[in-house]
Every structure is written in C-alpha cells, then in structure tokens.
Number of protein chains: 2
Amino acid sequence: MNLRHLTAFVAVAETLNFSRAADELHVAQPAISQQIRALEQELGVMLFDRIGKKVSLTDAGRALLPYARQILATVEAAENEVRERSELKRGKTSLGAPPTVSTHLLPAKLMQFKQLWPGLEVTLREAGTGTLLSLVEDGKLDLAIVATDVMPDNVESTPFLQEDYVLAVSPQHPFLGKRQTVKLADLANEPFILFPEGYKLREVTLQACHRAGFEPKVALDGGAMASALEFVGAGLGVALVPELALIDAHNIHSVRISDQSLTRELGLVWLKGRSLSPAARTLREFLTNNR
Amino acid sequence: MNLRHLTAFVAVAETLNFSRAADELHVAQPAISQQIRALEQELGVMLFDRIGKKVSLTDAGRALLPYARQILATVEAAENEVRERSELKRGKTSLGAPPTVSTHLLPAKLMQFKQLWPGLEVTLREAGTGTLLSLVEDGKLDLAIVATDVMPDNVESTPFLQEDYVLAVSPQHPFLGKRQTVKLADLANEPFILFPEGYKLREVTLQACHRAGFEPKVALDGGAMASALEFVGAGLGVALVPELALIDAHNIHSVRISDQSLTRELGLVWLKGRSLSPAARTLREFLTNNR
DNA sequence: GCGAACAATCGGTTTCGCTTATCGTAGTGA
DNA sequence: TCACTACGATAAGCGAAACCGATTGTTCGC
C-alpha cells in the first residue's frame, strides 16, 4: 500500500467517477485505473463495483475509506508540522551565556527576538565558559556565548562582544571616587574583593595585580557578583568586574585601568559540522547582526 | 512524502543507526541514506544530526516521529481490516428471498452458515420476485432467491429449489380431508382463499382454475399467508400454497393436484458482471452446494 | 596511528507511475 | 434502433524513483 494508491482511492470514492477523480488529481484517467487496480490486487479485494457505467464502493471499499482519509490527513498534518519549523513559524533552540551577559544583555535581546519570531522558543542556560563549551560539544546546546581565548577545534565561533574589565569602586571612595582612570599599580594598598575559585574573573584579577607587581589585599573572598557589588557600594573594597555588570548598579562608580588592557573576547559558538536547526540558525544570525 | 520515506525514517529514529535500520527493513544501507536524504530535502529540514558517527534526532525529526508512527500504524490497521474481509474473517452480504423460503428454509440454513463463517454478516430481505430482482439490478442486494420463469438477462442464476404448490385443506374437510391427491376440476365448488393482488400465488391459483375450466369461489381475498392458513385450518376454504408453507402448520392437511403440474422453479440470482464480494461469493457457494 | 564501524556517494539495473492512443461497452437521444 | 457520447480498461513507451554492489571518507576505540 502506498500514498498514491490511497489518494487515488479516496478521490474515486468521493467522486464515484474515475475520470473526474483523475481531473481532481491532475493526472490522466488511466493512472487512476492503474492505481486502483494495483491496490485491489495487493489487498486481494475489489474496492469498487464497476457495474455498467456506475461506480460504487464495495463493502471492503467502505471499510477502507475512513482509514485512507485518516492516513492522508495525518500525512498532511505531519507535513505542516515540519514545514512550519522550516518556515520558522515554530521551533525550539537553546543558547548558553555567562551570567553577566545573560542578566544584562540577553533579556532585552531575546525580547526583541521573540517579537521578530513569535513562534520560536529560546531556552537560556546560564553557566561558565567551560560548562557551556562541553554542553555545545555534546550537542545539548545549539549556541553559546563564551570567552574565546581558547577554543576547541570542533566548534566554530564568530566574535560577539569585547568585554572590558573595569574597577568598581564606591563613589564615596576618598582617592578613587571621582577619577576616570587609574594605574593598576596605584591600587597596591586597596582591599580587593575576589570572586570564587574557578571563575575567570578571579584569575584575571590576580594576574593583573601580579603583572602590576603586587599581591592584592583581600577584603572578601568568594562571594557572588551581587554580594561583591554590595561590598563595593558599601566602600569595603574594590573589584575588577566586567563593565556590563555595572549597568544597573547605581551606587557604584567605574574606573578604567590605564596601564593594562583588561578585556576579554566573547564569541558566539556552535558545534562545527552540525547542521543547526532553522530556529538555531535564525537565532545565530540575529545575535551576530544585532550586536 | 511517501510511506517508504516514513518507514525508513521511523526505523532510523528507533535504532539511531542507518545500517541497523537497513538490516531491519531488509534493504541495503544506501537505500536508507537515500530515503532519508530525499525526505529531508522534500521537507526542507534536517531530520537527523549526523555528528561524528552518532546519529540523533533533530527538533524537526522529533516533531515528525509521532506522526510517522501513527501513519504507519493506521496503514497497517487498514490493511488488516481489508485483508480480514478477503480472508472471510469479516464481511457483510445481503440476500433476498420470498416469504415462504425466508421463513421456512433460510433460518436453519443461515444458522448453519453462521457457524461456518462466524464473522460474516448476512442481512436478509423478504420480498417478492419483482422487488428482489430490481434490488439486485440496482446493486442493493448481492443475492436473491426468485422465481426463474422470467429472468432479466443482466442477472445470472443457478437453480436453487423446485417448489411444488399443494392444496391446503382442513383435516376435517368431509371430501378432501383424507385424500392424497385430487383433480383440480373437482374443486369447482370449493371456496378458495386468494392471496393479494400482485402476489405470484394469486396468479397461479387463478390460472390453474382457469385451465381446469372454472372460476374459483372466493372465501377470503387478500390476506397474508398466516391468516390464510388460519382460515384453512378452520375449514372455511382451501388454498393453493407452496409446499414449504405447510412445514410447521399442524392442523392442516396437504393434497397434491394430480391433473396439473403446479410448481415453480426458484433460482439463486446475482447481477451479471458484478464481482461479488468474498462474503457474497461464499454465501452463494454455500447455498448452491447445500440445497 | 591502525583497524573497525558507519554514513555518503557513484554507476547501473529494475520497477513504478505517468502519458498518449485506442478499445469496449453502456447509456442516450433523434 | 442506430449513431453518438461518456467512461473505464488496456497497451506501449518513457522518464523518474528505488534499490543494489562497490567504493570512499570519517571517526572512534584500541
């Protein structure tokens, strides 16, 4: 049995006329005769009575008809379902990003994306570069935004954002409160707030101080971004943070470091060789073109 | 889209392995690759991620899978449904017969038939020859048992039963009650019970009397078989009836007519050129071989 | 880094499905 | 009743589809 058999069968069953059925299906009449004959032979039963020039369903034909209709309807539904995905009326994709990007940049961007493509559903995963990369490599994540200093060679990437690290200080700080820039070496006596072991930010801070020739004094070690910023606001210390993290922080002043270029490159990455779903492709293009 | 596409798709989706899917479907592996590729091209979406040597469903593939399963399951159900009919596990057919046959012969026969073919459903239509023939000619009846003296030439028939007409009399009848035979001419003064206008039986009775040279006296005109027999039993008259009608009539005696051969041929008929359903064919064979 | 596993690709052959042309037959109307 | 018409069946031919065996190109595991 065959979908062509069934479409021919339903058309004939509905018109009770081989020639008109052929017209409806835009084929010549013999094609219909052949399809019906083949189907009847395969099933071992006559489906139509050709009695004189009147065509009518046999008992077996009547039994088959509802099945045939349902099969064809389901086929159509399946095609619609899948085609909608290729036409981006529906679809799912996933994106990973580090906390600062995820909390300060993506909400607005994804809102914008959702307005463009209301049917596409984006699930966001917030994690560090290492975690995100392995998720992408396992195929559990379509796209991720990660630091691009070391890239595995089974992912491809496109530059996404250059993130500057700045010094977060309290506006009331006697020495730094009003300055725009500062040399890192001048901070040798400032108490620092350090991020937990394993975070990129901690390494960056320690390395920068090291290059400037001092070991930072530590005011708080191991808090999350939110509590670190609270400490800074309260004047208990300073912290090197991504500029993005200060976007909504009102009682904090940011000071650039003049003697070192402290930045990190963030890239949008995906698994090399994997054909991204239409939804994922769309999200990737959206993110690269709307940086 | 195509059932072969879908079977290949489901097989791959279930094994996540093109080669094993090919084995299951008893085709070579390239056939599977080709079917999947064709389906993906037609739908415009990748259905599987081939990442390294691992195969996994894409979002679109996951969406398609339940539809594909349902389509294939329905196809199988349809095939079973129809095949059962050709294997006579199920089926419907229709049979028409005149009242005497229908009430005295068929109940036993159809019970026997039902034991042989429990899945076959026979609907019985009781009517006169004329009605039955036109039902057969219209394709509304598969088979009918009718008087075969005049046959339209678009039906075929096979002899079914020779029905003798006998004289039904009351056992208490002073003249006829104990006789086995009688000449029709001797009945000139007997009151007759006549069947309604249009019934074959009325014509037969009138013609027979006419041939015997008299006009029958009429005791009751136009009653059904049951009431006619009641009248006969009560000694109010005699009636020419098919022998079959007397099978269960206890207080009635039957007398043969010696000077005329009053019989009718009943044949089993069906529409010429119409391919009977398996069920109808089976019933026809049963009825002709178990007369 | 070598071998096994596995999907993709290629060239060739069979099968399928369509087309046009034609036939046979059953209604239909003068 | 006889031609005409409508309609399904059949035949022959052709292009496309589907399958196969052989081969290639990767990738994983040892």
Side-chain angles (χ1 to χ4, degrees), chain A residues 1-43 46-58 61 137-139 152-155 271-275, chain B residues 1-9 11-43 46-58 61 134 136-139 152-156 271-275:
Chain A
M1 201 186 294
N2 196 314
L3 293 186
R4 309 198 74 88
H5 291 153
L6 294 179
T7 47
F9 169 69
V10 170
V12 175
E14 279 171 356
T15 59
L16 293 180
N17 179 319
F18 280 56
S19 300
R20 235 176 322 137
D23 286 349
E24 274 183 20
L25 301 182
H26 306 109
V27 294
Q29 168 259 318
I32 301 297
S33 290
Q34 290 163 12
Q35 292 294 331
I36 298 295
R37 180 156 51 102
L39 183 55
E40 288 178 330
Q41 276 185 3
E42 183 184 333
L43 296 175
M46 288 283 134
L47 297 172
F48 295 101
D49 280 328
R50 291 85 151 171
I51 167 179
K53 50 197 305 182
K54 214 161 55 202
V55 171
S56 61
L57 279 168
T58 63
E137 291 180 81
D138 289 354
D153 60 359
N154 58 347
V155 302
L271 194 52
K272 188 183 293 184
R274 172 177 180 181
S275 84
Chain B
M1 201 187 297
N2 196 312
L3 293 185
R4 310 197 74 89
H5 291 153
L6 293 180
T7 47
F9 168 70
V12 174
E14 279 171 356
T15 60
L16 294 179
N17 180 318
F18 280 56
S19 301
R20 238 180 315 140
D23 286 350
E24 276 184 19
L25 302 182
H26 305 108
V27 294
Q29 168 259 318
I32 301 296
S33 291
Q34 290 162 9
Q35 292 294 331
I36 299 295
R37 181 157 49 101
L39 183 56
E40 287 177 331
Q41 276 185 2
E42 183 184 334
L43 296 175
M46 287 284 134
L47 297 172
F48 296 101
D49 280 328
R50 291 86 151 170
I51 168 180
K53 52 197 301 183
K54 211 158 58 199
V55 171
S56 60
L57 279 167
T58 64
S134 66
V136 168
E137 290 179 81
D138 288 355
D153 59 358
N154 59 348
V155 302
E156 281 182 295
L271 195 52
K272 188 183 291 183
R274 172 174 180 184
S275 84

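Reminder, nothing fancy here: chain letters follow the sequence lines and each chain counts from 1. Computed over heavy atoms, backbone and side chain alike; hydrogens, waters and symmetry mates excluded.
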What pair of heavy atoms forms the shortest contact from [X] to [Y], and how long is it?
{"X": "B:L3", "Y": "A:M1", "answer": "CD1-O, 3.5 Å"}
{"X": "A:I36", "Y": "A:R50", "answer": "CG2-NH2, 3.7 Å"}
{"X": "B:L25", "Y": "B:I32", "answer": "CD1-CD1, 3.9 Å"}
{"X": "A:A13", "Y": "A:L57", "answer": "CB-CD2, 4.1 Å"}
{"X": "B:Q29", "Y": "B:A22", "answer": "CA-CB, 3.6 Å"}
{"X": "A:T58", "Y": "A:F48", "answer": "CG2-C, 3.6 Å"}

What is the distance, to the nearest angstrom, from the [atom1] atom on [X] to the [atom2] atom on [N]?
{"X": "B:L6", "N": "D:dA18", "atom1": "CG", "atom2": "P", "result": "12 Å"}
{"X": "B:I36", "N": "D:dC19", "atom1": "CD1", "atom2": "P", "result": "11 Å"}
{"X": "A:D49", "N": "D:dC7", "atom1": "CG", "atom2": "C1'", "result": "16 Å"}
{"X": "A:R4", "N": "D:dA17", "atom1": "CZ", "atom2": "P", "result": "10 Å"}

Drop me the distance from [X]'s [atom1] to [Y]'s [atom2], to the nearest 0.5 angstrom.
{"X": "A:E24", "Y": "A:T7", "atom1": "CD", "atom2": "OG1", "answer": "11.5 Å"}
{"X": "B:L39", "Y": "B:M46", "atom1": "CG", "atom2": "CE", "answer": "10.5 Å"}
{"X": "A:R37", "Y": "A:E42", "atom1": "CZ", "atom2": "CD", "answer": "13.5 Å"}

Per-nucleotide protein contact string for nucleotides 22-28 of chain D (B base, S sugar-phosphate only, - none; heavy atom under 4.0 Å): B----BS

Students should find this one: the first and last nucleotides of DNA chain C, 5' to 3', lying under 4.0 Å from a heavy atom of chain A. What are they?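 Nucleotide range in contact with chain A: C:dG17 to C:dG27.
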
Near-strand residues of residues 11-24 of chain B, defined as heavy-atom separation under 4.0 angstrom from DNA chain C: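 B:N17, B:F18, B:S19, in order of number.
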
Sugar-phosphate only, base, or nothing, as touched by A:Q35 at under 4.0 Å among non-hydrogen atoms: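 Counting heavy atoms under 4.0 Å across all strands, the contact made by A:Q35 is with sugar-phosphate only.
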
Reckon A:A31 touches a base, only the sugar-phosphate, or nothing at all at heavy-atom distances under 4.0 Å? base

Does B:N2 make a side-chain N or O approach to OP1 or OP2 of D:dA18 shorter than 4.0 Å?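 Looking at the OP1 and OP2 atoms of D:dA18, one of them is under 4.0 Å from a side-chain N or O of B:N2.
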
Side chains of B:N2 and B:F9: does their closest heavy-atom pair fall under 4.5 Å? no

Earlier contact from the 5' end, DNA chain D, for A:V55 and A:Q34: A:V55

Can you check whether A:L47's main-chain N or O pairs, donor with acceptor, with A:E40's side chain at less than 3.5 Å?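 At least one qualifying donor-acceptor pair exists.
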
